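Written below as structure tokens is the structure these notes are about.
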Amino acid sequence: MKTRIKELRAVLGITQVELAKHVGVRRETIVFLEKGKYNPSLQLAYSIAKTFDLPIEEVFIFF
Amino acid sequence: MKLTKSALRGVLEFVLYLSVFGATTVFIVGKDPSAMGVMSIGFFVLLLLMIATQLLKRHKDTQTGVPDEDERSTLIKYKAGYYSFFASGYVWIFIGLFGGRFSDVSVVVASGIMVSLVLSIGVKSYITAHYHEDQD
């Protein structure tokens with residue numbers, strides 16, 4: 001799985017800490033998500049997608 | 001100063017680790033104050049440093065408003081506990097097989113507890129660094 005979190009964060013101009021605080025997870029979790037090394041729960045994926053105002057499939061890309 | 005839930009849990013974990021390692025170290029040093037004692041003190045100091053680092057990190061996270069635990073860290077804890085349990089099992093099998101070679105059984109038991117704890121810390125560190133659900 002790949003994610004567009006890093007790219008979308010840059011567009012919004014928010015840091016990993018700010019995103020982590022917004023969706024209620026640790027900064028490390030955002031780091032792992034950006035590297036594609038962690039599959040989030042549906043709830044977390046939804047929260048992140050909602051932060052960027054995009055549907056889940058446009059933030060998380062499954063092969 | 002208000003004691004937050006996170007800080008309270010940190011203090012409780014610290015006291016728990018300190019109690020187990022402290023008691024084990026004092027016990028082993030008391031039985032054999034030579035090589036084993038030095039090794040135990042080394043483990044003890046290392047553990048104190050690890051705990052201090054962890055507490056400082058938690059404090060920093062709490063200050064910045066980031067939660068000190070989330071779904072990923074909870075999964076890591078569960079997974080680390082699972083693997084540590086089985087890894088520790090091998091230590092006790094080893095002790096069961098070769099325990100008779102040691103003069104004092106209580107020293108072997110105390111060492112087993114310490115090795116189990118060190119294993120659990122090592123496993124947790126490894127899983128934290130390499131966590132990937134696809135590796136299940």
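None of these values were measured; they are calculated from a predicted model. Numbers restart at 1 for each chain; the letters A, B, ... are given by sequence-line order, proteins then strands.
Heavy-atom pairs under 4.5 Å with chain A peak, among B:G65, B:S73, B:P67, at B:P67.
Note on residues 44-63 of chain A: no pairs pass salt bridge (charged side-chain N to carboxylate O under 4.0 Å, His left out), not counting sequence neighbours.
Under the 4.5 Å side-chain heavy-atom criterion for grouping Ile, Leu, Val, Met, Phe, Trp and Tyr, A:I61 is not connected to A:V59 through any hydrophobic cluster. Connection of B:Y82 to B:Y78 is not established within any shared hydrophobic cluster, with ILVMFWY side chains joined at heavy-atom distances below 4.5 Å, either directly or through further cluster members.
Heavy atoms of other residues, nucleotides or ligands lying less than 6.0 angstrom from OH of A:Y46 number 12 at most.
Across all their heavy atoms, B:V66 and A:R27 have their closest contact at CG1-N, 3.7 Å. Nearest heavy atom pair, residue B:D70 against residue A:G24, reads CB-O, 4.3 Å.
Judged by distance alone, the side chain of B:E71 and the main-chain N or O of A:L44 form no donor-acceptor pair under 3.5 Å.
For the atom pair OH (A:Y38) and CD1 (B:I76), the distance works out to 8.5 Å, reported to the nearest 0.5 Å. Atoms OG1 and CG, from A:T29 and B:L75 in turn, are 9.5 Å apart once rounded to the nearest 0.5 Å.
A:R26 meets the salt bridge (charged side-chain N to carboxylate O under 4.0 Å, His left out) test with A:E28, B:D61; sequence neighbours excluded.
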